[in-house]
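For the numbers below, each heavy atom of this structure counts, side chains included, while hydrogens, waters and symmetry mates do not. All chains are named by letter (A, B, ...) in the order of the sequence lines, taking the proteins before the strands, and each is independently numbered beginning at 1.
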Amino acid sequence: MEMDGPLDFESEDPLLSSPVSLKKRKKIIGLDDLLTDHYKDKCKLVEKESKQAKKKKKYDSDDEDFGKEAVVSQVVDECQNKMNQLGGEEDTSIWGLNVFGEQKPPPPPALQSPELKNCYLLQTFLNNEVNSLVNLTVEKGEAFLEGLLVNGWLSTLVSVTNRVEKALAIWTFNLMLYSSREELITSACDFWRDIMLTTNEVNQQHLRIEWFPTYAQLGEALETYGYRFECSLKPGFVHNVSLDTSYGLLLGSGRGGPPQNIRAWIKFITVCCQTKMKKNIFTSSEVERLAEAILCLFLDRQFRGVTVLLCECLQSLVHYFTDKDWKACCDNIAKALVSRIPMDLNCSRAVECISGVDQRSKYLRSTVAYQILLIFFENEATNEEEVLRVLSSMTVKDKSCDLFKLYIYLVLTENWLVGSRMLDGKPLICEMWGLFLRKCSCQIASTDLRSYASKVRNKASYILQSSFEE
Amino acid sequence: MEKPSSGVRGAIEANTLAILDASEATKHTRDADDDRIAFLEAVRAASLLPENKSPPTFKMCEAIFKILRFGNSLELITTSCQLLNELDLEFPRVYMTNASESSMPHELVVLQEAWSPFVLGTDISDSERATAYDLTGGLIDPPGFHLLLQGLAEVSDFENFQAPDTKVLSNMLLFHYLVSVLEGDFVPRNQMYRESMIWSSVRESLLNTMLCSRKMNYKGLMKDCVTTLCGLGQYLAEYDNAVPYSGTSMVKQHEAIDTALATAFLHFGRITCAATLKLMVMVTELDSSKKNADMLGHTTRADGVRTPLAEIIQDELTYDKNILSPFLQAFKDSKWKLEIIVQFFWKYISKPSVRTRRSNVPAEDATFSGVLKCISNSSSAKSITKKIGAHAIHLLLAHGFQAFLLLSTKKMGEGLPDSKEQLAGGSVVETCKNLISVFNCLRKLDKQLEISSCAKEAIFVAATILSRRS
């Protein structure tokens, strides 16, 4: 019996990798192997140099331990610097924009305090005999209402009375957008979500919401947080990203940026697009601006943790349009966005943050990518064919070819063409796309030391493998 | 077990994993992390975006999961978690057939070979765990799950709150994901059980298997759930964005955190609370299905004995009165909240009624109305105040009343106006009246009685409902 071979239960274990697929994988990643080997060689070279340096100094500082230590540490430092120079080339660029500037003072509240204290809900109770237990007075009114809101009574009361008073609607809306207390922000946001997304059919028909926020108020809030509508985000405004010493924490600009109310703002926009309580809260052009704003937030590194909220919001916004308006509006969003953002890694981020899970989202992704490409080739191309002609005529072997740009073109073109049915029935475009990919994957030598050389090569061969294989 | 991947899926697997290969294992450089993001994006594009979607293979899932577990940047953990959630939504492991058509009997479909982040079947001894850790690619076993929650419970310790770092955030997302996997498995199975009364469908659920595992400290797990829910809930409730520079020790630490981490932490904190609550509700649902199966004689000795979660919570609340308020605040499931509150009262009410044989108290009226009726009797009100304490009674009554209201409005929404009276025990109007008379009674017993603010809110709501209904 053969003892070295796997036992028969082992071969069934899905956790043990099957040798078959492993082999296959190796074949495809040959280029990566070469690259890692290349870097290993570089490391060895540096080590060798440091050893030689050590040898040289060995004679003068043989006896003194201190001197030795100093020399060694100096050499280590030198090596470190050299290593950093070797590997640090690509650390220079990273996506991220300063979307938010200085916060502004909040607008004067649309509601005066007496108005809240005189609201129907409180007034009717003051004369109730039960008030002997509660001891509610007009002065304590606002604090009492805060309690009702935080503990979730307010939405219960709404579902029982089928009415949201104007004073209460304005008051909760302002808390949600301008309060600094997390508890009040989230409770107010939950309150609006509860009443706007109620699934209760009876409530839906009878519920009276006596006041409703408009786009102007929501836009004003965003500006208060420091967001700049229609303001270029191009260099000059670019985020300074500091690399934390232990790599991994890529910090943004530290404290500052938008207040935490922004999360409630994003959720509220989402709910406004989903609700059936009120039709046409926003006009098409307003939704265009909101969608553009959400796409800009994606580009701010401060929102890395809450991309889920942004995705949901963008998804709801995209589906707010009627079928008739959709394509034209989508073009508007894409054009407005690309005119603001800088032409660097942020472009590919702007495209990849669009989820693409359904037809509309796919179309938006493709449109944004195409619009960015048009801006890149402003003087050379005005239509699809021309863009691809420019791409496929690039000489990637040439040292003057900017591989960083090329990498971005590659990502953009992939998102523009693949998955959006752009290639269906267009053999010419398809052929030029293939030509471009083959150039990128075959004509850049693995010994090419320029930064992004390996990224371009790997990306192109990946796209070739996955899209033309089937 | 999965067959060795072949054809198109095999090619996709090989291609996507090739992206990762260059950045093998534990390297955390910019390049390696870039590759991980590229890998996640590629898996997303290959499995979710095409017209005919196909789930990623075993190894691909494992690689995504590893990124979630061991990733050390906010971008990596959020992107991987979002992808895993999207995949689960698109390719559920367990689902019911023709759930929409009520005429056909439903069938439970379980994809045995689907990838899961849990390793349950085998109990691995501690010495083997280190090696198994590599083999299983960081999959979670029952003690691992408990360990994870324990870590979160420690983090959310209100007294010595730790400033969040990426590891804590990653654990929060991991826990959220694992609970949603348990939910996706348990909910259809439990629904199936309710329809068919076949106990095995629930017995084989991940949740039940995990809780019954010999390695699992079930009670400890549940206690940690309570701690996490209370601690985190309280922290989030008291967080104030406007005072980050004030003197209190807890807030001071926040100065060091940048906006991205702070925003993420507040969002993830809410997610974690919701996940903990979800887990607890599932366990109580499991308890109730198991009790049902016990009574029908469907369980065997192999099913073992577990203390129902509701009892554990009772004990915790009795043992530590300080957590009563944060627990009731954070435990937002009306059905089980009401159940727990009513049981809590009956522990103190029913015993003396047996001893004195009061004729007007029915032997077991275990509804909220029953509780109210009982306490409005001045002598039992006196005895119960002595046992539980005035403040606790107010809390329990207020939260019980709220849960009762929410349940009855929910049932009204579902168009079951008749059944609500039997289920919740009494009509809304009657319960409002009873609540007020209970507090009148308590006030009579103690003229100096300071009614707590949450009870005042409950009285306010009860009075408002009465004035609108009459």
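- Tested against L133(A), the residues N440(B), L442(B), L449(B) include a single side chain to side chain contact (heavy atoms under 4.5 Å, CB included) partner, N440(B).
- Only the side chain of K267(A) comes within less than 4.5 Å of a heavy atom in chain B; its backbone stays farther off.
- Residue contact with chain A, scored on non-hydrogen atoms closer than 4.5 Å, involves the backbone and the side chain of A458(B) alike.
- Taken from CG in L48(B) to OG in S355(A), the straight-line distance is 9.5 Å, to the nearest 0.5 Å.
- Between the CG atom in L136(A) and the CD atom in E457(B) there is a gap of 10.5 Å [rounded to 0.5 Å].
- With a 4.5 angstrom heavy-atom cutoff, L184(A) does not touch chain B via any of its atoms.
- For the atom pair CD1 (I262(A)) and OG1 (T259(B)), the distance works out to 12.0 Å, reported to the nearest 0.5 Å.
- At least one donor-acceptor pair closer than 3.5 Å links the side chain of T78(B) to the backbone N or O of R304(A).
- Within a 6.0 Å radius of NZ in K167(B), more than 12 heavy atoms belonging to other residues, nucleotides or ligands are found.
- Heavy-atom distances place the backbone of S132(A), and not its side chain, under 4.5 Å from chain B.
- Interface check for chain B: of the options L157(A), T124(A), N128(A), the most heavy-atom pairs under 4.5 Å are formed by L157(A).
- Put simply, of A38(B), S453(B), A42(B), the one with the most heavy-atom pairs under 4.5 Å next to chain A is A42(B).
- A salt bridge between R301(A) and E75(B) is present, with a side-chain N of the basic residue lying under 4.0 Å from a carboxylate O of the acidic one.
- Residue-environment remark: NZ (K433(B)) stays at or below the threshold of 12 foreign heavy atoms within 6.0 Å.
- Among I451(B), I77(B), L266(B), the residue making the largest number of heavy-atom pairs under 4.5 Å with chain A is L266(B).
- Heavy-atom distances place both the backbone and the side chain of T16(B) under 4.5 Å from chain A.
- Side-chain contact between E238(B) and E183(A) is absent, with no heavy-atom pair separated by less than 4.5 Å.
- Scanning all heavy atoms of the two residues, the minimum distance from L49(B) to G356(A) falls at CD2-O, 3.0 Å.
- How far CG of L40(B) is from CD of E352(A): 11.0 Å, rounded to the nearest 0.5 Å.
- Taking OH from Y239(B) and OG from S180(A), the interatomic distance works out to 10.0 Å, rounded to the nearest 0.5 Å.
- The CD1 atom of I459(B) sits 10.0 Å away from the CG atom of N131(A) when rounded to the nearest 0.5 Å.
- Between chain B and the residues V150(A), N135(A), L121(A), the largest count of heavy-atom pairs under 4.5 Å involves L121(A).
- Ranking A463(B), C81(B), A264(B), A237(B) against chain A, the residue ahead of the rest is A237(B), based on heavy-atom pairs under 4.5 Å.
- Heavy atoms of R163(A) lying under 4.5 Å from chain B are absent altogether.
- Exactly one of V160(A), L148(A), L154(A), N151(A) qualifies for a side chain to side chain contact (heavy atoms under 4.5 Å, CB included) with V461(B). That residue is L148(A).
- The side-chain heavy atoms of F144(A) and F460(B), taken from C-beta on, include a pair separated by under 4.5 Å.
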Exercise for review: Go through the steps to decide whether T263(B) and Q302(A) satisfy the test side-chain hydrogen bond (donor to acceptor under 3.5 Å, both in side chains), and finish with yes or no.
Suggested key: CA-CA 8 Å; T263(B) 312; Q302(A) 301 185 57; 6.0 Å; no
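- Using a 4.5 Å heavy-atom threshold, the side chains of V357(A) and K53(B) count as separate.
- Salt bridge status for D190(A) with K332(B): absent, with no side-chain N to carboxylate O gap under 4.0 Å.
- Interface remark: Q402(B) contributes backbone and side-chain atoms alike to the contact with chain A (heavy atom separation under 4.5 Å).
- With a threshold of 4.5 angstrom between heavy atoms, E90(B) does not approach chain A through any atom at all.
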